[in-house]
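Notes to accompany the following structure.
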Amino acid sequence: MFYGKVIGSVWATQKEEGMDNLKLMVVQPIDFTGHAQGAAVIAVDRIGAGVGEHVIISRGSPARALFGGKNVPIDAMVVGIVDSFDVVKAQDGSEDE
């Protein structure tokens, strides 16, 4: 999973079978200080995230598993909308992992 920010939407009138009525969002992976971390991804959103919101993204087979065994061409999915988070800092000021 990764933390990201919704930066846009994708509209596609023609989609593969199994993707009907799925909302597609553009999500920029970010670190917990808000800095971009890599390339943006397109993620399926069934929970109602909007542009500007911070989200949790699941990728790969765990994202597809949310479709109950259906074989859908999904690589990334919004699985949570973040309300807040706490990051504990180590003594040296770096993020504790």
Side-chain angles (χ1 to χ4, degrees):
M1 286 191 286
F2 69 85
Y3 178 61
K5 182 176 181 179
V6 179
I7 60 171
S9 301
V10 175
W11 290 270
T13 55
Q14 299 295 317
K15 294 185 255 187
E16 284 292 326
E17 186 175 331
M19 293 185 65
D20 300 334
N21 301 316
L22 292 179
K23 184 171 126 182
L24 302 174
M25 305 301 286
V26 181
V27 178
Q28 173 64 58
I30 58 174
D31 64 19
F32 289 100
T33 63
H35 294 95
Q37 297 291 306
V41 299
I42 297 173
V44 170
D45 173 32
R46 297 192 304 181
I47 60 175
V51 172
E53 291 191 286
H54 291 179
V55 294
I56 301 167
I57 300 294
S58 179
R59 295 193 78 172
S61 57
R64 286 187 293 280
L66 296 171
F67 285 88
K70 294 179 184 174
N71 191 19
V72 293
I74 302 301
D75 180 56
M77 185 163 181
V78 176
V79 295
I81 299 172
V82 177
D83 296 314
S84 66
F85 64 86
D86 290 321
V87 176
V88 177
K89 297 284 184 174
Q91 290 287 354
D92 62 5
S94 65
E95 290 181 15
D96 191 19
E97 294 186 37

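Between Val6 and Asp45 there is no side-chain heavy-atom pair separated by less than 4.5 Å. Side-chain atoms of Arg59 and Val41, non-hydrogen and from C-beta on, do get closer than 4.5 Å to each other. With a 4.5 Å cut-off on side-chain heavy atoms, Val72 and Glu16 do not count as touching. At a threshold of 4.5 Å between non-hydrogen side-chain atoms, the residues Arg46 and Val78 do not count as touching.
Closest of all the heavy-atom pairs between Lys5 and Gly52 is CE-O, 3.7 Å. Of all non-hydrogen atoms in Ala40 and Pro29, the two that sit nearest each other are CA-CD, 3.9 Å. Nearest heavy-atom pair across Ala49 and Val55 is CB-CG1, 3.8 Å. Across every non-hydrogen atom of Gly48 and Glu53, the tightest pair is O-OE1, 4.0 Å. The nearest pair of heavy atoms linking Lys23 to Met25 is CE-SD, 3.3 Å. Heavy-atom minimum distance, Ala39 versus Gln28: C-NE2, 4.4 Å.
By the criterion of side-chain heavy atoms lying less than 4.5 angstrom apart, applied directly or through intervening Ile, Leu, Val, Met, Phe, Trp or Tyr residues, Ile7 is grouped together with Met77 in one hydrophobic cluster. One hydrophobic cluster holds both Phe2 and Ile81 under the rule that ILVMFWY side chains link at heavy-atom gaps under 4.5 Å. Under a hydrophobic clustering in which Ile, Leu, Val, Met, Phe, Trp and Tyr are joined whenever their side-chain heavy atoms come within less than 4.5 Å, directly or via other members, Ile74 and Ile47 fall into different clusters.
Between Tyr3 and Phe32, the ring planes are parallel. Angles under 30° get that label, and only those over 60° would be called perpendicular.
Here the options are Val79, Val27, Val44, the test is side-chain contact (heavy atoms from CB on, under 4.5 Å), and the partner is Ile57; only Val27 passes.
In this structure, Met19 places its CE atom where more than 12 heavy-atom neighbours from other residues, nucleotides or ligands lie under 6.0 Å away. A 6.0 Å sphere centred on CG of Leu24 holds more than 12 heavy atoms belonging to other residues, nucleotides or ligands.
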Mind running salt bridge (Lys or Arg N to Asp or Glu O under 4.0 Å) on Asp20 and Lys15 for me, showing each step along the way?
CA-CA 7 Å; Asp20 300 334; Lys15 294 185 255 187; over 6 Å; no
